[in-house]
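Each remark here refers to the structure printed beneath this line.
All values below come from the heavy atoms of this structure, side chains included, with hydrogens, waters and symmetry mates left out.
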Amino acid sequence: VPDFTEFKLDPFHLTADSGTPAPHRLREARRSLALYLEPCKDTSFQQSLDTFQERSFTQFGPNQAHNASPHISVLGRVHIERGQDFLAKWHAVDEFLAVVQQELDQIAKQLPPPTFCGYEITERPSRALTMRFRVDAAYAQLAKRIEQKMKSQCAAFDIRPMDRIDLAYNVLRPMPKQTLKRMRDMAKETIQVEIGGAWQLTLYEVMLESRVVGVKQQVSAIQSWPVRQPPAEKQSSSFLPLSFRIKLAMLSS
C-alpha cells in the first residue's frame, strides 16, 4: 500500500472565476440544496460503500467520487439566491423545502427501491466507474413536478440521470482505464449489494462545496423519507451469496 504522502490533492475550482467568494460569504448570498436517493444508514450496503471509498482512496488515491457519499442524484444541484427583501431573504428556500416535503410526504412510501444492474466503466461524459441501477419512472416525475413549481425561483436547477452511483471519476485528469478495472474488481469484492434493501430519499443543504479532489463536501441533512420496502419474502434474497444476487439483478434488468 503506497504511503499517503505520495498522493497529491488536486485543486478543484467550482467556477472559472478565481475571484469566487469565500464559502461563508457565498452562503450569505446563495443556498445550495440536493435531493439524493441513497441506501439507509447503517445497512450493510451503505457501510460497504463507505468501506470501498476508504479502500479505493488508500490504494488508488483521491478522485471526485470521494467528494460526496455514494448516492443516486434526483436533484443534483439546486441554487437559490438571497431575496432583496431582508425580512424574507430566504423565502424561496422555505418554499422549496415546503414543496419537497409536500411531494414526498404523499408518495415516498409508494416509491420502489432501485434495482442494481451491474458495474460499468463509461467514457462519457467522462471516464468513470459506476454502479448502474434501474430506477422507477416515478422518481423522474417527482423531480419534474418540483422543477415546475420551483425552477423560476432558482438560479440553478439540475436534474441528473437517475441510473447510477459514481464510484470513481475525475473530469480534470481522466483516470486510466486499467485503474478503473482494478477498482471494479475491488468494488465486486467489497460492496455488499442488497437486492430490495432499505433506501431513503434525503434532502441536504450543501454547507461547504469542496474545492479539492478527494475532500468531502460538508452537508447537513434536512429530512429523510424511507421509500417503499418490498415484501419480507423478497428481502430474503439479500442473504444469498453476493455473486448469485448480482446475477439475479442482471437477469431482472
Could you tell me whether [X] and [Y] make a salt bridge, using a distance below 4.0 angstrom between a side-chain N and a carboxylate O?
X: Glu103; Y: Lys149; answer: yes
X: Arg164; Y: Asp166; answer: no
X: Arg30; Y: Glu81; answer: no
X: Arg132; Y: Asp163; answer: yes

Sub-3.5 Å donor-acceptor pair from the side chain of [X] to the main-chain atoms of [Y], do we have one?
X: Asp136; Y: Pro112; answer: no
X: Glu95; Y: His91; answer: no
X: Gln64; Y: Ala168; answer: no
X: Ser210; Y: Val215; answer: yes
X: Thr179; Y: Met175; answer: no
X: Ser48; Y: Gln192; answer: yes
X: Arg77; Y: Asp158; answer: no

Do [X] and [Y] come close enough that some side-chain heavy atom pair is under 4.5 Å?
X: Lys177; Y: Glu123; answer: yes
X: Arg228; Y: Gln110; answer: no
X: Val227; Y: Lys109; answer: no
X: Cys40; Y: Gln46; answer: no
X: Arg82; Y: Trp90; answer: yes
X: Phe96; Y: Met150; answer: yes
X: Gln53; Y: Asn63; answer: no
X: Gln101; Y: Trp225; answer: yes

- side chain to side chain contact (heavy atoms under 4.5 Å, CB included) between Tyr139 and Ile72: does it pass, once the steps are laid out? CA-CA 11 Å; Tyr139 288 94; Ile72 297 173; over 6 Å; no
- Mind running side chain to side chain contact (heavy atoms under 4.5 Å, CB included) on Leu167 and Thr130 for me, showing each step along the way? CA-CA 5 Å; Leu167 296 180; Thr130 67; over 6 Å; no
Between [atom1] on residue [X] and [atom2] on residue [Y], distance to nearest 0.5 Å:
X: Gln106; Y: Arg145; atom1: CD; atom2: CZ; result: 8.0 Å
X: His66; Y: Asn170; atom1: NE2; atom2: CG; result: 11.0 Å
X: Gln141; Y: Ile107; atom1: CD; atom2: CD1; result: 8.5 Å
X: Leu180; Y: Arg184; atom1: CG; atom2: CZ; result: 9.0 Å
X: Leu104; Y: Leu142; atom1: CG; atom2: CG; result: 5.0 Å
X: Gln178; Y: Ile121; atom1: CD; atom2: CD1; result: 8.5 Å

Answer yes if the side chains of [X] and [Y] hold a donor-acceptor pair under 3.5 Å, and no otherwise.
X: Ser44; Y: Glu194; answer: yes
X: Ser73; Y: His71; answer: yes
X: Glu205; Y: Ser32; answer: no
X: Tyr204; Y: Gln223; answer: no
X: Thr122; Y: Glu120; answer: no

Distance-minimising heavy-atom pair for [X] and [Y]:
X: Val74; Y: Met162; result: O-CE, 3.6 Å
X: Pro62; Y: Phe57; result: CB-CE1, 3.5 Å
X: Ala92; Y: Gln153; result: CB-OE1, 3.6 Å
X: Met183; Y: Phe52; result: O-CE1, 3.5 Å
X: Pro113; Y: Gly197; result: CB-O, 4.0 Å
X: Pro70; Y: Pro39; result: O-CD, 4.4 Å

- Could you please spell out the steps behind the side chain to side chain contact (heavy atoms under 4.5 Å, CB included) verdict for Met186 and Arg182? CA-CA 6 Å; Met186 176 185 285; Arg182 292 171 61 197; over 6 Å; no
- Would you say Lys216 has more than 12 foreign heavy atoms packed within less than 6.0 Å of its NZ? yes
- Item | Proximity of Phe133 and Trp199 rings by center, below 6.0 Å | yes
- Only one of Val206, Leu97, Val100 passes side chain to side chain contact (heavy atoms under 4.5 Å, CB included) with Leu33; say which it is.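 Single pass found, and it is Leu97.
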- Query: Could you go step by step and tell me if Thr190 and Arg55 meet the side chain to side chain contact (heavy atoms under 4.5 Å, CB included) rule?
  - Reply: CA-CA 9 Å; Thr190 306; Arg55 289 186 60 194; 2.7 Å; yes
